[in-house]
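Convention: sequence-line order gives letters A, B, ...; per-chain numbering from 1.
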2 protein chains.
Amino acid sequence: MDKNLKLKTAEIEKISHLEYFNIAISVDCVIFCYQDKKLQVLLIKSDLEEFSGLYSLLGDLVRPDEDLDSAPYRVLKQRTGMDDLYLEQVRTFGSIDRHVSGRVITTAYYSLIDIKHQKLSVDQNELHWHPVKEIKKLAFDHKIILDSCLQRLREQVMEFPVAFNLLPEKFSLRELQELYESILGINLDRRNFRKKIALKGWLEDLEEMENEVPHRPGKLYSLKQAYRKKKVSKKQKPVLENIFSK
Amino acid sequence: MDKNLKLKTAEIEKISHLEYFNIAISVDCVIFCYQDKKLQVLLIKSDLEEFSGLYSLLGDLVRPDEDLDSAPYRVLKQRTGMDDLYLEQVRTFGSIDRHVSGRVITTAYYSLIDIKHQKLSVDQNELHWHPVKEIKKLAFDHKIILDSCLQRLREQVMEFPVAFNLLPEKFSLRELQELYESILGINLDRRNFRKKIALKGWLEDLEEMENEVPHRPGKLYSLKQAYRKKKVSKKQKPVLENIFSK
DNA sequence: AATAAATATGTACTGAATACACATTGTTTT
DNA sequence: AAAACAATGTGTATTCAGTACATATTTATT
């Protein structure tokens, strides 16, 4: 009896140990693009019966031999063929019951791509772009993940020159403003927007004009070279500003 | 030979599968307090030989039956007896080689506690407070984790009323300013600091005075009830402010 | 009573955020 | 070719927050 109990305890401990290593970790990518004047997200049809008809984010388990922050690059490369994109870690989601087929903790990243620049193999993979505003429900907790990433994106574009990853190399101020309006979900005043962008000093005047637009063409700009960084970085605030004293 | 190869492949796949579930996930807590006019962090002596003499953050593996965001509460309760504290998820760290004894991905949280309010069982656990400014090196990648959490804390205190979790219920404006100076690592102008705090509208004038100070006593304040929230929350920006138009 | 040390407070300046209107340029239509 | 249309491009006045800065007041100490 005593022996029995001991055996049982050992058994439980063994199971328990196994279970500790029975939590898988995945990454999920919220891939934004800007198309048809709308902020859109790349989704895949869920292959799980529980979520039939629903879409989900692109994700995969993290491999034992890759850095966590490398996993989203691999996922994107594998699933879409895309490379060299802007990626940012947002948050890790780990509710017990967030995944139907076991305990999976996931780290969410958002990514920004220029749809025209990337040759994306979408159709054969059941991958589709969906306007963010029209997405009401996703598989798993992916709607919450999407919302977190969108919120982070909104915070970032106000302060850092990241939105440009969604645009082609050359763009007009109108396009830029429409992009900001799509991301933020509000309308902006043209003069104030231009003033603020000018103040940031992010742009280079290309001394070129739009063409093939059915109206008076606008000037073309591009992001200054110094501000182009696509890698995941520990965004350092340049200096501690905005303080109560000199 | 063919058969052999196949066997080998199967073997590899089995190992590979096992290895997928051989990534453990942990949480690490950066626990801040404010003591002796310094921002301090709770550390424990590393029990690993590789890091003998070094300190590390408080952490533990996430259990299979607990939410990720619950794990840091458990860790803090277990290791320090503390309860009901402010916690915020910061970032997840997952380099392949970040942990010496295996593949462990860790989610970092920071926590703010009022040292006077909490009865903390420190000594018997080899736990010690260390002034943030004096910490040069920690075990694992914990120095990087600490830096990330400090940076996040600095961002947060400028915008949200979180620093008050480090102070007792009642405090003077001098104490509050000294706290901000410790967190931000800079000196602040008294008049401008008070103006800004007043503008935030966070404080309630208690119509009481300091006592037992060896100088002219200052007024006492407390954080308004409406701003007291200690749980991990998905910090929603109240409204989208600071935009280019009305 | 005098001194020391900390609290408490106000003003002027600068710069960013915002509200707001008109002239210009190129395309399209008549 | 002229007129109408549609989008680009630009400036000013106001408000408000951020910052620099000095003096009077209150309490404890000597």
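- In terms of heavy-atom proximity, A:Q40 sits nearest to A:Q35 at NE2-O, 3.1 Å.
- In summary, A:R154 and A:E159 do not engage in a salt bridge, as defined by a charged side-chain N under 4.0 Å from a carboxylate O.
- Using a 3.5 Å distance cut-off with no hydrogens or angles, the side chains of B:T92 and B:T107 do pair a donor with an acceptor.
- Here the P atom of nucleotide D:dT8 and the CZ atom of A:F171 are 15 Å apart, to the nearest Å.
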Worksheet item: Using a cut-off of 4.0 Å between protein heavy atoms and nucleotide atoms, how would you tag nucleotides 2-7 of chain D 5' to 3' with B, S and -?
Response: -----B

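- The interatomic distance linking A:L188 (CG) with C:dA17 (P) rounds to 13 Å, in whole Å.
- Between the side chain of B:K195 and the base of C:dT9, no donor-acceptor pair under 3.5 Å is found.
- When distances run from any side-chain atom of A:K196 to the nucleotides C:dA17, D:dC21, D:dG18, the shortest one goes to C:dA17.
- The interatomic distance linking B:K200 (NZ) with D:dA17 (P) rounds to 11 Å, in whole Å.
- Scored by the salt bridge (charged side-chain N to carboxylate O under 4.0 Å, His left out) test, A:K37 finds A:E178 as partners (sequence neighbours excluded).
- B:F193 does not carry B:R191 over the face of its six-membered ring by the limits of under 6.0 Å from the centre and within 45° of the normal.
- For B:R191 and D:dT25, the CZ to P distance is 16 Å, given to the nearest whole Å.
- Relative to the side chain of A:P217, the nucleotides D:dT27, C:dG26, D:dA22 differ in distance, and C:dG26 lies closest.
- Counting atom types as modelled, A:R190 pairs a side-chain N or O with a base atom of D:dG9 as donor and acceptor under 3.5 Å.
- With sequence neighbours left out, the ring pair (Phe, Tyr, Trp, His ring centres under 6.0 Å) criterion links A:F140 to A:F51, A:H99, A:H142.
- With hydrogens and angles left out, the side chain of B:K219 and the base of D:dT26 share no donor-acceptor pair within 3.5 Å.
- Between B:R194 atom CZ and C:dT11 atom C1' the separation is 17 Å, expressed in whole Å.
- Using the six-membered ring where Trp is involved, B:Y86 and B:Y110 have ring planes that are tilted, between 30° and 60° apart.
- Computed from coordinates, the A:E210 CD to C:dT25 C1' distance equals 13 Å when rounded to whole Å.
- In this structure, B:I197 places its CD1 atom 17 Å from C1' of C:dT7, rounding to the nearest Å.
- Separating the CG atom of A:D189 from the P atom of D:dG9 is a distance of 15 Å, rounded to the nearest angstrom.
- Of the candidates C:dG10, C:dC20, C:dA17, C:dC20 carries the atom nearest the A:N192 side chain, counting heavy atoms from C-beta on.
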